[in-house]
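The structure presented is a predicted model; accordingly, all values stated were derived computationally and were not measured.
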Amino acid sequence: MSSERFLEILSLLPDATMETVYMTFVSAFFACVLGFPLGVFLYATSPAGLTPRRLLYNALSRVVNLFRSIPFIILMVLLIPLTRMIAGTSIGPTATIIPLSIAAAPFVARITETALCEVEAGVITAAKAMGSTRLQIICKVLIPEAMPALVSGLALTIINLIAYSAMAGAIGGGGLGDLAIRFGFHRFQTDVTIGAVIVILILVETVQVTGTLISRGLLSKR
């Protein structure tokens with residue numbers, strides 16, 4: 001590869017990388033806003049939760065499973081009318097945030113539910129014995145105790161969103177996926193595709209290492 005060609009590839013990567021980072025972290029925020037309360041509610045209404053509601057839990061659980069089972073590329077197409085209504089367009093990084101957030105929210109809900117379920121029953125029993133209300137148990141006992149697992153789950157969510165954002169490039173979502181498809185695949189420029197893949201791998205590894213370090217730090221402070 002000539003130095004001119006190498007510099008040309010490098011010039012394409014920064015903007016695409018920033019678009020991917022923008023889509024990933026903004027959609028992760030909205031996914032948490034949607035999914036975290038839902039996960040807490042799923043835990044609370046589960047058979048082993050603080051206020052068991054079997055029928056309600058089963059209904060919500062099936063809805064969450066339904067959204068988790070829809071392939072992202074199909075979900076993105078199905079949500080085009082909603083995306084246009086909210087963002088005014090169905091293409092570009094900002095528009096892609098909407099289906100990304102909706103796709104990740106059920107994943108966040110399940111991670112939250114699982115993390116809360118893993119808290120030792122003895123801790124909850126002790127909190128009840130001290131007269132804590134359900135809300136106090138959730139906010140002051142369950143969530144702090146589950147925080148290491150929640151951080152690890154958030155890291156996995158962000159990694160999934162990086163992958164989803166790459167898929168979104170197939171239908172004009174922007175970012176590294178769009179760069180790899182539009183320049184790498186359609187123009188038969190394999191080196192551009194390789195460059196995009198390398199940056200994606202670096203992003204994934206950075207998120208994974210950061211999540212692991214934060215989770216271990218929280219565990220050590222218990």
Hey, could you give me the [atom1]/[atom2] distance between [X] and [Y], rounded to the nearest 0.5 Å?
{"X": "Ile162", "Y": "Ser27", "atom1": "CD1", "atom2": "OG", "result": "9.5 Å"}
{"X": "Met167", "Y": "Leu75", "atom1": "CE", "atom2": "CG", "result": "10.5 Å"}
{"X": "Ile80", "Y": "Arg84", "atom1": "CD1", "atom2": "CZ", "result": "6.0 Å"}
{"X": "Ile214", "Y": "Met147", "atom1": "CD1", "atom2": "CE", "result": "11.5 Å"}
{"X": "Ile102", "Y": "Ile97", "atom1": "CD1", "atom2": "CD1", "result": "12.0 Å"}
{"X": "Leu150", "Y": "Glu118", "atom1": "CG", "atom2": "CD", "result": "9.5 Å"}

Kindly check if the number of other-residue, nucleotide or ligand heavy atoms within 6.0 Å of [atom1] ([X]) is above 12?
{"X": "Arg134", "atom1": "CZ", "answer": "no"}
{"X": "Ile91", "atom1": "CD1", "answer": "no"}
{"X": "Phe41", "atom1": "CZ", "answer": "no"}

Any non-hydrogen side-chain atom of [X] less than 4.5 Å from a side-chain atom of [Y]?
{"X": "Val40", "Y": "Glu113", "result": "no"}
{"X": "Tyr43", "Y": "Thr51", "result": "no"}
{"X": "Ile124", "Y": "Leu50", "result": "yes"}
{"X": "Phe30", "Y": "Ile98", "result": "no"}
{"X": "Leu100", "Y": "Ser165", "result": "yes"}
{"X": "Glu19", "Y": "Leu176", "result": "no"}
{"X": "Met23", "Y": "Ser101", "result": "no"}
{"X": "Arg110", "Y": "Asn65", "result": "yes"}

Do you know the tightest heavy-atom contact between [X] and [Y]?
{"X": "Tyr164", "Y": "Phe72", "result": "O-CE2, 3.3 Å"}
{"X": "Gly175", "Y": "Thr20", "result": "CA-OG1, 3.4 Å"}
{"X": "Gln136", "Y": "Gly131", "result": "OE1-O, 4.3 Å"}
{"X": "Ser215", "Y": "Val151", "result": "N-CG1, 4.1 Å"}
{"X": "Cys32", "Y": "Val108", "result": "CA-CG1, 4.1 Å"}
{"X": "Ala105", "Y": "Leu34", "result": "CB-CB, 3.8 Å"}

Between [X] and [Y] (side chain of the first, backbone of the second, donor and acceptor by atom type, cut-off under 3.5 Å), is there such a pair?
{"X": "Ser220", "Y": "Gly217", "result": "yes"}
{"X": "Thr112", "Y": "Gly39", "result": "no"}
{"X": "Ser132", "Y": "Lys128", "result": "no"}

Group every Ile, Leu, Val, Met, Phe, Trp and Tyr by side-chain heavy-atom contacts under 4.5 Å, then state whether [X] and [Y] land in the same group.
{"X": "Phe36", "Y": "Phe107", "value": "no"}
{"X": "Ile200", "Y": "Ile198", "value": "no"}
{"X": "Leu42", "Y": "Phe67", "value": "no"}
{"X": "Leu201", "Y": "Leu13", "value": "no"}
{"X": "Phe25", "Y": "Ile159", "value": "yes"}

* Taking it one step at a time, do Met76 and Thr83 satisfy side-chain contact (heavy atoms from CB on, under 4.5 Å)? -> CA-CA 9 Å; Met76 190 172 179; Thr83 302; over 6 Å; no
* To do: State whether a side-chain donor-acceptor pair under 3.5 Å links Arg216 with Ser152.
  =>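 Not at all, the side chains of Arg216 and Ser152 share no donor-acceptor pair under 3.5 Å.
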